[in-house]
Structures are given as C-alpha cells and as structure tokens.
K.L.:
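Have a look at this one.
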There are 2 protein chains.
Amino acid sequence: MKGQDIKEAGLKITLPRLQVLEYFEKHPGEHLTADELFTKLRSENSDIGLATIYRVLNQFETAGLVVKHQFENAQAVYELDTGEHHDHMVDVETGEVKEFFDKQLEELQVQVANKYGYELIDHSMVLYVKKKK
Amino acid sequence: MKGQDIKEAGLKITLPRLQVLEYFEKHPGEHLTADELFTKLRSENSDIGLATIYRVLNQFETAGLVVKHQFENAQAVYELDTGEHHDHMVDVETGEVKEFFDKQLEELQVQVANKYGYELIDHSMVLYVKKKK
DNA sequence: GTGGGTGCAAATAATTTGCACGGTA
DNA sequence: TACCGTGCAAATTATTTGCACCCAC
C-alpha cells in the first residue's frame, strides 16, 4: 500500500498526504506547481487547502519523496522522486519539460569541479531547447 | 564615457542608472541581489530607491548590460554582462559564486540536445561544490 | 485521549506598480 | 517645456505561519 512511504518518512498517514502522493503516482513525469496541484486536487473533489499542499510538499521533499525545481519562473515545480537522478530540458516553444540523463555530461561536471579544486556536491542543469525542423 | 551604454539602450542618462552601472564596473565578478545593491549604493551616499534598482536592473537586463540569475535561493542575483558566456559554481560552505567556462561541457550539451531531436537555445548550469581538503 | 495535521486567513518576502514630483534632453 | 524617470508607499505574487478545530493512532 502506498501509505508506506509516508509512514517511513515519520509522518502520519492522512488523507491530504495520500491525495498528493497518489496524484504524482497517477501522473508520472508531470512537473507541477503547488497551485496547479491545488487546482487539480480540488477538481477531484478534495477539500485540501493550498497551505497544506505547501506543507506536504516540503515534508515530502525533506523525506526524499519529491524533488523541487526552481526553473526560470517564479513558481517552484515538483515531481515524484524516482530515485534516479536526471536533468531537464525545457522546450521554449511549448513550455514542456522533458527529463534526460547523460552519463558523459555527469562525469564531465565532476571533472570540471575537480579541475578547479572543488568536490561536486550537486548540480542543476536545464537545457532550453526547441524542436529541430 | 560609460553613459554611452545607457544611451545605446535607448535610455536617458540619469544619476541612478549611472550609479548602478558604475557599481558593477567598479566591482567586477560580483553577483549581487537588488537589495544588496540598494544597501551598497545607499552607503555610498546615493539616495536611490529600491524600486528604481529593480526598474533599472530590468531595463539593463533587456538591454543586455547585465545578466540575471535565479539560483536556489529566493532572491535573484545580477552581474555585469561581459559578453562572454560562462556558468557558475556555488561553494555550498561559503556561498561564494565562481564563474567558469568549459568548452567540452558546452559542446556536449549541444550534442545531447541534438540526440533528443532538439536544438539548444540556451542553458543554465550551476555546480554546487565544496573545497577539496 | 492527545498530539500532530488541517483549512482558513493573516503574515512575510521579493518584486512590481501607481502617483505626484523632479530632472534630462 | 516635454516627458521620462524617480522615490515612496501601496499592490501583487508566491510561500509561510498562527490558530482553533479535527482525526489518526
């Protein structure tokens, strides 16, 4: 049962938390803002509050259940943490967000950090792209 | 004279605009928030307003005089646009921002975008690092 | 039963905008 | 003199927090 993840995070299994987690699981690959999630859940007859969404997302982020991204825009977007690291491509024409992973790029970043005398802890990389004609 | 850049951007040469531009030119490599710039200029006996800083920075960004970055934190940071593209490394222990450029990384990003059927328009890449012991 | 969890509304933080006045061209 | 530009304060936007009530354990 999915409540397991919530319990393992040291949180009580409550309806709002289940609804948020369930939404992400039912829509794999979606990246949405707190507000978008609020609207979607409300339209599914949930009576969840926006503040709760922010609270739950923060708790889930701390627990490693979701990942938060701050792209160019003001609002942060969240996605389910599949456990597999990946980076993002944003199609500048459609706003669509695509995940990708490139081993060579990852390794090169480690090497570049080393070259400057640093150890790489984390990175964020977003490629802004458009479809080739 | 430095007012030149401002005039070329189609803007009147005013004291606040000169002060902002001058601050960046006198402190090469600095990345600061609107609020930090406000405090610095005020301490230099300017009577510039925070709203004006935001307005001027936006105009300068549009004109290509400064570049705006949104790192993990809430506040955006600005730096003078030297015309040379570079990415950033943030020391997670000190908060220090270092610029770097790696040709191989740049090229690899183009290739990766191509591999997925896209054309690379722009990218943002921030390496979070700490000093090697 | 009790302490954590929730919705709502009010508080914050960063940034933008309205307005009357001031300075540049 | 024309208007654009400015400082200040109020408005906006995204997010957080206080509080009284509620529910999972």
Side-chain angles (χ1 to χ4, degrees), chain A residues 1-23 31-63 65-78, chain B residues 1-23 31-63 65-78:
Chain A
M1 208 278 203
K2 49 182 66 107
Q4 213 49 42
D5 296 330
I6 298 177
K7 191 173 285 179
E8 281 165 13
L11 300 166
K12 279 189 190 169
I13 298 174
T14 63
L15 198 49
R17 288 182 181 142
L18 281 172
Q19 290 171 340
V20 168
L21 192 53
E22 194 174 308
Y23 184 90
H31 297 66
L32 27 68
T33 64
D35 201 62
E36 283 166 352
L37 187 53
F38 176 64
T39 306
K40 304 262 188 182
L41 290 180
R42 283 282 179 148
S43 75
E44 291 179 3
N45 301 318
S46 167
D47 65 344
I48 197 169
L50 181 53
T52 299
I53 300 223
Y54 276 108
R55 276 186 290 238
V56 169
L57 286 174
N58 282 337
Q59 293 157 345
F60 282 7
E61 193 200 1
T62 303
L65 294 178
V66 304
V67 185
K68 177 181 185 176
H69 300 287
Q70 188 82 47
F71 295 149
E72 297 298 83
N73 327 326
Q75 288 135 284
V77 297
Y78 298 82
Chain B
M1 209 276 202
K2 50 184 62 114
Q4 212 49 41
D5 296 330
I6 299 176
K7 190 173 285 178
E8 280 165 13
L11 301 166
K12 278 189 190 169
I13 297 173
T14 63
L15 198 50
R17 288 182 182 143
L18 281 172
Q19 289 171 341
V20 168
L21 192 53
E22 194 174 311
Y23 184 90
H31 297 68
L32 26 71
T33 64
D35 202 63
E36 284 166 351
L37 187 53
F38 176 64
T39 306
K40 303 261 188 182
L41 289 180
R42 282 282 179 149
S43 74
E44 291 179 2
N45 301 318
S46 166
D47 66 342
I48 197 169
L50 182 54
T52 300
I53 301 224
Y54 277 107
R55 276 187 290 240
V56 169
L57 286 174
N58 282 338
Q59 292 158 345
F60 282 6
E61 193 199 1
T62 303
L65 293 178
V66 304
V67 185
K68 179 181 183 174
H69 300 288
Q70 189 84 45
F71 295 148
E72 297 299 82
N73 326 325
Q75 289 134 286
V77 296
Y78 297 83

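Below, chain A is the first sequence line, B the second, and so on; all start at residue 1.
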K.L.:
Indicate yes or no: at least one non-hydrogen side-chain atom of B:L32 is less than 4.5 angstrom from one of B:V77.
P.N.:
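No. Closest side-chain heavy atoms not under 4.5 Å.
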K.L.:
Contact between B:Q59 and B:R17 at the side-chain level, heavy atoms closer than 4.5 Å - yes or no?
P.N.:
yes
K.L.:
Calculate the interatomic distance between B:L50 atom CG and D:dG5 atom C1'; express it in whole Å.
P.N.:
16 Å
K.L.:
Go through it in stages, so that I can follow the logic: the residues are A:H31 and A:Y78, the test is side-chain contact (heavy atoms from CB on, under 4.5 Å), and I'd like the CA-CA distance, side-chain angles, deciding distance and then a yes or no.
P.N.:
CA-CA 5 Å; A:H31 297 66; A:Y78 298 82; over 6 Å; no
K.L.:
State, with a plain yes or no, whether a side-chain heavy atom of B:Q19 is found less than 4.5 Å away from one of B:E44.
P.N.:
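SC-SC contact between B:Q19 and B:E44 ruled out.
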K.L.:
Please state whether the phosphate of C:dG4, meaning OP1 or OP2, lies under 4.0 angstrom from any side-chain nitrogen or oxygen of A:T14.
P.N.:
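It does not, given that no N or O in the side chain of A:T14 lies less than 4.0 Å from OP1 or OP2 of C:dG4.
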K.L.:
List the atom pairs, donor and acceptor, that lie under 3.5 Å between side-chain atoms in residues 7-16 of chain B and the rest of the protein, sequence neighbours left out.
P.N.:
none

K.L.:
So which nucleotide from D:dA14, D:dT6, C:dC8 ends up closest to the side chain of A:A74?
P.N.:
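Selected nucleotide (nearest to the side chain): D:dA14.
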K.L.:
Starting at CZ of A:R55 and ending at P of C:dA9, how long is that distance when rounded to a whole Å?
P.N.:
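Distance, rounded to whole Å: 14 Å.
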K.L.:
Picking from C:dC8, D:dG5, D:dC8, which would you name as closest to the side chain of B:R42?
P.N.:
D:dC8
K.L.:
Separation of B:L15 atom CG from D:dT6 atom P, in whole Å?
P.N.:
9 Å
K.L.:
Select base, sugar-phosphate, or nothing to describe what B:A76 touches, counting heavy atoms under 4.0 Å on all strands.
P.N.:
sugar-phosphate
K.L.:
Provide, to the nearest angstrom, the distance between the CG atom belonging to A:L18 and the C1' atom belonging to D:dC25.
P.N.:
15 Å
K.L.:
Which part of the nucleic acid does A:D47 contact within heavy-atom distance under 4.0 Å: base, sugar-phosphate only, or nothing?
P.N.:
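Counting heavy atoms under 4.0 Å across all strands, the contact made by A:D47 is with sugar-phosphate only.
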K.L.:
Whole Å only: how far is the CG atom of B:L11 from the C1' atom of C:dT24?
P.N.:
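Interatomic distance, CG of B:L11 to C1' of C:dT24: 13 Å.
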K.L.:
Could you tell me which nucleotide pairs with D:dA2 by Watson-Crick or G-U wobble geometry, both distances under 3.5 Å, or answer none if nothing does?
P.N.:
none
K.L.:
Could you say whether B:Y54 or B:K7 is positioned toward the 5' end of DNA chain C, judged by the nucleotide with the nearest heavy atom to each?
P.N.:
B:Y54
K.L.:
Does A:T33 have a side-chain nitrogen or oxygen under 4.0 Å from the phosphate oxygens OP1 or OP2 of D:dA14?
P.N.:
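So the side chain of A:T33 is outside the cut-off, no N or O lying under 4.0 Å from OP1 or OP2 of D:dA14.
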K.L.:
Starting from P on D:dG5, measure out to NZ on B:K12 and report it in whole angstrom.
P.N.:
6 Å
K.L.:
In whole angstrom, give the distance that lies between atom CG of A:N58 and atom C1' of C:dG5.
P.N.:
15 Å
K.L.:
Which whole-number value in Å describes the distance from B:I53 CD1 to C:dT16 C1'?
P.N.:
15 Å
K.L.:
If D:dG18 has a Watson-Crick or G-U wobble mate with both distances under 3.5 Å, name it; if not, just say none.
P.N.:
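Across all strands, the one nucleotide that pairs with D:dG18 is C:dC8.
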